[in-house]
> 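Could you have a look at this structure, given as structure tokens, before my questions?
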Amino acid sequence: LLLQDANTRTVLLGASILCLTSGVIGSFSVLRKRALLGDALAHAALPGVCIAYFITGERNISALLFGAFLSGILGVLTVTFIRSQSRVKEDAAIGLVLSGFFGLGIALSRIVQNQPGGNRAGLDSYIFGKAASMVTHDVVLISAISLPILFLTALLFKEFRLLCFDRDFAASQGWPVLFLDVLLMALICSVTIVGLPAVGVVLMAALLIIPGASARFWTNRLEYMVIIAGAFGLLSGLLGTALSALLPRFAAGPLIVLVAAGFFLISLLFAPRRGLVAETLRSYR
């Protein structure tokens, strides 16, 4: 609690920055009704991690993350292609890509594990996460990705807002909606990839979805929703890491997501306008 341990300070800072950024950029994903696309992207990144390891032959973080980024982008493009060129709906396309890419990633991961020295590659951390092993270099990398994302989000806030609420009107006014859509997905992809070593494939999608969904209960204004989502993400990172430090048997990643889920439950029940308690009272009156 006094942050006297250097490792605890490092994990706390890295997790807080990651969760803050995930909450902010995830708000737009929730409003665009593409929350599960972040889940598909996270799962689609796993084959890229394994292929990058095959190419480099070592656990080079930069190479692994670059491979994950390319594989994640390929997964998103595959969803878009299936949706536009067939009668398959978007949710089914996301399910196909999520399961197919993740299955391929698991198979490639087993091949890596069976190679000499493959057990030291640490690829399992990209599936389940390992925030407790975060070092200063990881925090620098997370900050280097997160700060530009937050800056671009603030700079293009008006454009992203119109893209979320009225894409057709934006197109009729001559706005580059396709470019803005691709840019927004690239930002979501970037924060997803950089968060994989910390919380893993399975939990990274939760950090993109839960803070934004929680913040939606508290306001009808997008600017307030983004701020609240960022605050929920930040508090989830702080409290989850603190609980992990106090409870050594529990990993930081799952605790961070559980804290975020707790904020969602509080929002669902006690938000002043949209919460279930407030709606029940209004119905009773």
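Computed from a prediction, not measured in an experiment: that's the story for all the values here. Numbering of residues begins at 1 and proceeds along the displayed sequence. Excluded from the calculations below are hydrogen atoms, water molecules and symmetry mates; all remaining heavy atoms, backbone and side chain alike, are included.
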> Looking at side-chain heavy atoms only, is the closest gap between Leu208 and Ser29 below 4.5 Å?
no
> Leu163 versus Val177: any side-chain heavy-atom pair under 4.5 Å?
yes
> Within the structure provided, determine whether Leu162 and Gln173 are in side-chain contact (heavy-atom separation under 4.5 Å).
no
> Specify the closest pair of heavy atoms between Val257 and Ala206, including all atoms of both residues, with the distance to one decimal.
CG1-CB, 3.7 Å
> Any chance you could measure Leu187, atom CG, to Ser146, atom OG, to the nearest 0.5 Å?
11.0 Å
> Atom CZ of Phe151 and atom CG of Leu156: how far apart are they, to the nearest 0.5 Å?
9.0 Å
> A side-chain contact here means heavy atoms from C-beta on lying under 4.5 Å apart; do Phe250 and Leu243 qualify?
no
> Please walk me through it: do Phe264 and Phe232 pass ring-ring contact (aromatic ring centres under 6.0 Å, His included)?
CA-CA 9 Å; Phe264 175 80; Phe232 279 153; 9.8 Å; no
> For atom OH of Tyr224, is the number of surrounding heavy atoms from other residues, nucleotides or ligands below 6.0 Å larger than 12?
no
> Stepwise, does the side chain to side chain contact (heavy atoms under 4.5 Å, CB included) test hold for Leu46 with Phe101?
CA-CA 7 Å; Leu46 186 59; Phe101 273 71; over 6 Å; no
> Is there a path of hydrophobic side-chain contacts, each under 4.5 Å between heavy atoms of I, L, V, M, F, W or Y residues, that connects Phe102 with Leu74?
yes
> Would you indicate whether the side-chain heavy atoms of Val11 and Val139 approach each other to under 4.5 Å?
no
> Membership question, hydrophobic clusters at under 4.5 Å side-chain separation (ILVMFWY): are Leu98 and Ile193 in the same one?
no
> Would you kindly confirm whether Phe179 and Leu77 end up in one hydrophobic cluster when ILVMFWY residues are joined by side chain heavy atoms under 4.5 Å apart?
yes
> Identify the heavy atoms of Ser109 and Cys50 that sit nearest to each other, and give their distance.
N-SG, 3.6 Å
> Could you give me the CA-CA distance, side-chain angles and deciding distance for Cys189 and Val76, then say whether side chain to side chain contact (heavy atoms under 4.5 Å, CB included) is met?
CA-CA 9 Å; Cys189 182; Val76 173; 6.0 Å; no
> Is the count of non-hydrogen atoms from other residues, nucleotides or ligands lying under 6.0 Å from Phe165 atom CZ greater than 12?
yes
> Decide yes or no for Leu222 and Cys164: does some side-chain heavy atom of the first lie under 4.5 Å from some side-chain heavy atom of the second?
no
> Yes or no on side chain to side chain contact (heavy atoms under 4.5 Å, CB included) for Val191 and Ile145, after CA distance, side-chain angles and deciding distance?
CA-CA 7 Å; Val191 73; Ile145 298 296; 5.5 Å; no
> Is it the case that atom CZ in Arg273 sees more than 12 heavy atoms from other parts of the structure closer than 6.0 Å?
no
> With a 6.0 Å cut-off (strictly less than), is the heavy-atom count around CZ of Arg87, excluding the residue itself, greater than 12?
no
> Please name the pair of heavy atoms, one in Ala93 and one in Ile82, separated by the smallest distance, quoted to 0.1 Å.
CB-CG2, 3.8 Å
> Quick check: is Leu13 connected to Ile142 through a chain of hydrophobic side chains (ILVMFWY, heavy atoms under 4.5 Å apart)?
yes
> Using 0.5 Å steps for rounding, measure from the CD1 atom of Ile17 to the CG atom of Leu150.
9.5 Å
> Might you point out which heavy atoms bring Phe28 and Val24 nearest each other, and give the distance in Å?
CD1-O, 3.6 Å
> Of all the heavy-atom pairs spanning Thr241 and Ala15, show the shortest one and how long it is.
OG1-CB, 3.6 Å
> Closer than 3.5 angstrom, by distance alone: can the side chain of Ser244 be matched with the main-chain N or O of Gly240 as a donor-acceptor pair?
no
> Could you check Leu141, Leu70, Val49 and say which one makes a side-chain contact (heavy atoms from CB on, under 4.5 Å) with Leu65?
Leu141
> Would you say the side-chain atoms of Ser71 pair up with the backbone N or O of Gly67, donor to acceptor, closer than 3.5 Å?
no
> Quick check: is Leu183 connected to Val30 through a chain of hydrophobic side chains (ILVMFWY, heavy atoms under 4.5 Å apart)?
no
> Can a donor-acceptor pair be found, under 3.5 Å and without considering hydrogens, that links the side chain of Ser99 to the backbone of Leu96?
yes
> Is any side-chain heavy atom of Pro211 less than 4.5 Å from a side-chain heavy atom of Phe263?
no
> Could you state the interatomic distance from CG (Leu18) to CE (Met204), rounded to the nearest 0.5 Å?
4.5 Å
> Would you check if Asp168 and Ser172 make a side-chain contact, meaning some heavy-atom pair closer than 4.5 Å?
no
> How long is the gap from CD on Glu223 to CE on Met225, to the nearest 0.5 Å?
11.5 Å
> Between Arg216 and Thr219 (side chain of the first, backbone of the second, donor and acceptor by atom type, cut-off under 3.5 Å), is there such a pair?
yes
> Please determine whether the number of non-hydrogen atoms from other residues, nucleotides or ligands lying under 6.0 Å from atom CZ of Phe81 exceeds 12.
no
> Can you see which heavy atom on Leu234 is nearest to which on Ser16, and at what distance?
CD1-CB, 3.5 Å
> Roughly how far apart are Ile256 CD1 and Cys19 SG, rounded to 0.5 Å?
4.5 Å
